Amino acid sequence: MRTGSDYLRSLNDGRQVFVDGERVKDVTAHLAFREAARSIARLYDIAAAPEMRERMTFVSPKTGEPVLRAYQIPRSHADLRARRLFSETWAEATFGLMGRTPDHVAGFFCGYAATSSVLAAGGQNFADNVVAFYEQLRDNHLYASYAIVPPQIDRSKPAHKQSDPTLYAGVVKERDDGIIISGAQQLATGGAISDVIHLSCIHPLQPGDENYANCLAVPVNAPGVKLYPRRPFAIGATNAFDYPLSSRFDETDSYVVFDNVFVPWERVFIYRNLELSRDQWWKTPSHLYGNHQAQVRYVTKLRFMIGIAQRMNEMTGNVANPAVQITMGELAAWVSIYEHMLLAHEVTAPIDKAGVLWPSRNALYSAMALQSELNGRMLEIIRELTGAAMITLPSSLRDFESEETARDIERYMRSASSDAKTKVALMRLAWDFIGSEFGSRHQQYEKFYGGASFVVKQNVYRSFDFARANALVDAALNLPPLASDTDSD
Ligand SMILES: Cc1cc2nc3c(=O)[nH]c(=O)nc-3n(C[C@H](O)[C@H](O)[C@H](O)COP(=O)(O)OP(=O)(O)OC[C@H]3O[C@@H](n4cnc5c(N)ncnc54)[C@H](O)[C@@H]3O)c2cc1C
């Protein structure tokens, strides 16, 4: 198994990541990425621990060695449950705060490999490529991130009608041994600390956009791949007491520029094919497996969220207040709905003719469609409950250390049930979760990680069983006459 230190060592590979106008020499040493990379390393160590073998691994059919369950193609409901327990273990280790851990994109490649005949419509070689690449990811425990949305340069025009045809990542040259990609893709969360970037397009494409209708993979350190992360929050997280989450779990989101990147044919899975570019999301279970992991992670985060709220109520002395309990009851109801929707993905998952299990599309997309609004609603409930508790805090840990300030802080900032330091630690955790730049980015993440909500709602519309609903209405309109209507007198 790959260990955390194997993973960390492999990241120092000459990749081009830029922060504050400078190229980062080694992401494992740079303040922006060091702790996030160590958080991922811990996940590898958890999976490699011998006592976790059954929960975290299955046997590779090719090598006979244990490999991450994230790469297990589910063929039964028990297999999907096993994938859930795997992802839950990793999500609990990161409190659901790292969305694109290696198990996310692993799910997409499981989906492609499980139904590679779909990609074979573009040529059998592409289907063979995707299976071989899936096996390479699986047998080497690799971490893929992905960039599947083009940049918001001008959404009113299709890809090929942008002011410059090489703004969106697309093919600019074909060679005997592969293709050359140029252009940008707007986001790869975790890209800077992953092994491989999966480039594809989930945005609707139209005739003329063929150059952008690809699915392929490139190593993060491939010549010409450049990553421009947004402001990394770990840089401003001065210490772990004041920023317990930003300092450890900022997976970062990077703009990805492909500057004439060579991709060998073996790493190309869809090539200039508009139909397959769309079908990869609908006719394979890729989007379902990847987002099943996303919901496992989200449910873990919701449990963490409600735990923070409950601990804060205890600290402020409000936990026994009936009005507070009713509000917490509403929060608990939303969390429970998400917990049970996750089980519904599994329980109502059909198995196709080839024996591959597909998590319920309708259950998955319904949960995702409302997440955009409900996540904000849940955070509002917590803000309401806490009053000024996350604000009436010392300026930093140093106020506990200075002789001039420590006495006042310790005397007045305590709670009835704990000393000041314990209370402040909890409230800083809550603020980092809800109000810091890290917390705010998380709200944006939950709104958009699975696509804009209008798109997800269209997906629900397409997958909902309207025939059954309509049949009820038709039956009601065709009820037999009342006895009084048929009375002869
Ligand atoms: C924190 C974060 C992390 C992300 N991580 C990744 C990642 O790892 N990999 C990746 O590929 N992508 C990632 N994404 C990108 C994500 O996939 C996109 O943001 C998402 O698909 C939405 O696309 P967009 O941002 O281009 O919004 P747009 O499509 O430009 O839409 C923006 C808004 O415009 C309005 N709008 C636009 N068109 C319509 C319409 N037809 N009908 C109604 N309203 C409309 C809606 O209000 C919509 O929300 C991430 C995004 C965020 C915020």
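These numbers were taken from a predicted model, which means no experiment stands behind them. We count ligands from 1, going down the list as the structure has it; atoms in each ligand are counted the same way.
- Scored by the side chain to side chain contact (heavy atoms under 4.5 Å, CB included) test, Ile337 finds Trp334, Met341 as partners (sequence neighbours excluded).
- Closest approach of Trp281 to Tyr365, counting heavy atoms only: O-OH, 4.5 Å.
- The pair Glu174-Arg272 does not meet the salt-bridge criterion, since no charged nitrogen lies less than 4.0 angstrom from a carboxylate oxygen.
- Each of Arg100, Tyr146, Ala147, Ile148, Val149, Gln152, Arg155, Gln186, Leu187, Ala188, Thr189, Asp253, Arg441, Gln444, Tyr445, Phe448, Gly451, Ala452, Phe454 has a non-hydrogen atom positioned under 4.0 Å from some atom of ligand 1.
- Residues Tyr228 and Gln16 have side chains not in contact (no heavy-atom distance under 4.5 Å, counting atoms from C-beta outward).
- Under 4.0 Å is where a charged nitrogen must lie from a carboxylate oxygen, and between Arg42 and Glu35 no such pair does.
- Ring planes of Tyr112 and Phe109: perpendicular class, angle over 60° (limits at 30 and 60°).
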